[in-house]
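Notes follow once the structure below has been shown.
The basis for the numbers below is simple: all heavy atoms, side chains too, and nothing from hydrogens, waters or symmetry mates. The residues of the chain are indexed from 1 along the displayed sequence.
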Amino acid sequence: MNRILLYVHFNKYNKISAHVYYQLEQMRSLFSKIVFISNSKVSHEDLKRLKNHCLIDEFLQRKNKGFDFSAWHDGLITMGFDKLEEFDSLTIMNDTCFGPIWEMAPYFENFEEKKAVDFWGITNNRGTKAFKEHVQSYFMTFKNQVIQNKVFQQFWQSIIEYENVQEVIQHYETQLTSILLNEGFSYQTVFDTRKAESSFMPHPDFSYYNPTAILKHHVPFIKVKAIDANQHIAPYLLNLIRETTNYPIDLIVSHMSQISLPDAKYLLSQ
């Protein structure tokens, strides 16, 4: 399959964490082209490492404006839709997750075999009073029929650089799924959370509030914020990942020690 990945990176210390290198290494073989788009300054050394190890094909340095959707917009416009239409699928993702915890190829093969699935993601959010049902944007894959769709292209061409992340969520993340459904497309996710039990959760966002369910359903990525927000069960999560997967948990410990408080109990225990 001829696949392209637009990968958005951001690090407040202008570094590329080890888990990002691991992520790209594990997914490299799945994509014909990887476009690395950074919203933070990438050093010459890091860029050289990315290129020398053939982890990326294209690099786009931009200012940290408009968050992920503006970054994906810039990548799409730089590539050009005429060129993008040559690919069998387009994947957009960011570096806000650890993983893949399990091998990614079976997930791609599974959804590619399903002709009724036009686009897919990792997790979704059920509709609420605040927003519509939608695939969460940290990982979404669109098949060629979606890439060629003019409404899909117009959506990306109309992206503006909002300064408030809530506006990005309101206008873009929570709208894209509905736009595609209205075009007659259908989707699936690795973990369909719409009917999952959530009465004990403050909000039915499983990627953030219920990392235990994420691991139980073999979701290949676990959110960085979910580790920090659920420190009381972080030792259990780390042990579960260590015992049931091949993912090196030292990548989690290292990154969380850099971006959060390194003396958190679950980090000290490691």
Side-chain angles (χ1 to χ4, degrees), residues 3-64 67-68 71-72 74-75 78-79 89-108 121-122 137-141 190 207 211 214-215 218-228 234 237-238 240-242 244-260 262 266-267 270:
R3 311 183 187 102
I4 183 171
L5 167 65
L6 299 190
Y7 185 96
V8 172
H9 161 264
F10 174 76
N11 184 290
K12 61 183 178 180
Y13 299 118
N14 295 322
K15 297 180 179 180
I16 297 181
S17 293
H19 82 278
V20 172
Y21 283 108
Y22 179 88
Q23 204 161 76
L24 293 170
E25 288 168 358
Q26 295 301 306
M27 300 181 67
R28 171 71 266 194
S29 63
L30 293 171
F31 298 97
S32 305
K33 182 180 286 290
I34 295 180
V35 182
F36 189 89
I37 309 164
S38 184
N39 285 344
S40 56
K41 184 65 176 178
V42 173
S43 70
H44 174 74
E45 291 75 17
D46 277 327
L47 182 57
K48 184 177 180 180
R49 179 180 174 185
L50 289 170
K51 291 184 175 180
N52 286 350
H53 288 77
C54 300
L55 298 179
I56 65 172
D57 301 293
E58 303 281 347
F59 172 70
L60 180 59
Q61 179 72 71
R62 66 187 303 278
K63 294 181 179 179
N64 187 27
F67 303 94
D68 292 352
W72 286 318
D74 289 359
T78 299
M79 287 295 300
S89 69
L90 159 68
T91 297
I92 61 172
M93 71 173 294
N94 57 37
D95 65 350
T96 61
C97 299
F98 296 112
I101 299 174
W102 288 279
E103 184 183 355
M104 283 299 295
Y107 297 94
F108 275 86
I122 302 298
S137 63
Y138 62 88
F139 187 106
M140 295 182 73
T141 293
V190 174
S207 71
I214 291 296
L215 294 176
H218 272 222
V219 173
F221 297 104
I222 186 167
K223 298 282 282 184
V224 172
K225 289 183 178 179
I227 300 293
D228 202 36
L237 297 173
L238 293 177
L240 188 60
I241 294 171
R242 181 193 290 114
T244 61
T245 79
N246 293 321
Y247 189 81
I249 65 164
D250 60 318
L251 297 178
I252 300 176
V253 174
S254 172
H255 184 68
M256 298 310 297
S257 298
Q258 294 176 41
I259 67 165
S260 188
Y266 79 95
L267 292 175
Q270 302 299 322

For this session: Answer yes or no: is there a side-chain heavy-atom contact under 4.5 Å between S40 and Y13?
Result: no

Problem set entry | 4.5 Å side-chain heavy-atom contact, L47 and F36 | no

Exercise. Parallel, tilted or perpendicular: which describes the rings of Y247 and Y22, with under 30° parallel and over 60° perpendicular?
Worked result: perpendicular

Problem set entry | Close side-chain approach of I259 and M256, heavy atoms under 4.5 Å | yes

Exercise. Would you say the side-chain atoms of H9 pair up with the backbone N or O of K15, donor to acceptor, closer than 3.5 Å?
Worked result: yes

Only distances under 3.5 Å count here; give the side-chain donor-acceptor pairs of residues 89-96 to other protein atoms, sequence neighbours excluded, each with its distance to 0.1 Å.
| residue | atom | partner | partner atom | Å |
| --- | --- | --- | --- | --- |
| T91 | OG1 | T141 | OG1 | 2.7 |
| N94 | OD1 | T96 | N | 3.1 |
| N94 | OD1 | T96 | OG1 | 2.5 |
| N94 | ND2 | D68 | OD2 | 2.6 |
| D95 | OD2 | F10 | N | 3.2 |
| T96 | OG1 | K223 | NZ | 3.1 |

Exercise. Where do I37 and A71 come nearest, in terms of heavy atoms and distance?
Worked result: CD1-O, 3.5 Å

Problem set entry | Side-chain heavy-atom pair Q23, Y7 within 4.5 angstrom cut-off | yes

Exercise. Can you tell me how far CG of D250 sits from OG of S257, rounded to the nearest 0.5 angstrom?
Worked result: 10.5 Å

Problem set entry | Approximate separation, where rounding is to 0.5 Å, of K225 NZ and S260 OG | 12.5 Å

Seminar exercise, completed: Distance col, row L60:CG vs T78:OG1, nearest 0.5 angstrom, shows 5.0 Å

For this session: Kindly check if the number of other-residue, nucleotide or ligand heavy atoms within 6.0 Å of CG (N246) is above 12?
Result: no

For this session: Would you check if L215 and I101 make a side-chain contact, meaning some heavy-atom pair closer than 4.5 Å?
Result: yes

Exercise. Got a sec, which pairs hit salt bridge (charged side-chain N to carboxylate O under 4.0 Å, His left out) with one end in residues 22-48, sequence neighbours left out?
Worked result: R28-D57, K33-E58

Exercise. Do you know which two heavy atoms are closest between L50 and I16, and how far apart they sit?
Worked result: CD1-CD1, 3.6 Å

Exercise. Any sub-3.5 Å donor-acceptor pair from Q26's side-chain atoms to M104's backbone N or O?
Worked result: no

Exercise. Side chains of Y266 and L237: closer than 4.5 Å at any heavy-atom pair?
Worked result: no

Problem set entry | Closest heavy-atom pair and its distance - C97, H19 | O-CD2, 3.4 Å

For this session: Please round to the nearest 0.5 Å and tell me the distance separating atom CD1 of I222 and atom CD1 of I214.
Result: 7.5 Å

Problem set entry | Minimum side-chain heavy-atom gap I252-I241 below 4.5 Å | yes

For this session: Assess the pair F98 and H255: is the distance between their ring centroids shorter than 6.0 Å?
Result: yes

Exercise. Under a 4.5 Å cut-off applied to non-hydrogen side-chain atoms, are F139 and V190 in contact?
Worked result: no

Problem set entry | Minimum heavy-atom distance between N11 and S17, given as atom pair plus value | ND2-OG, 3.6 Å

Problem set entry | Approximate separation, where rounding is to 0.5 Å, of W102 CH2 and T244 OG1 | 5.0 Å

For this session: Identify the two heavy atoms, one from S207 and one from A226, that lie closest to each other, and give their separation to 0.1 Å.
Result: O-CB, 3.3 Å

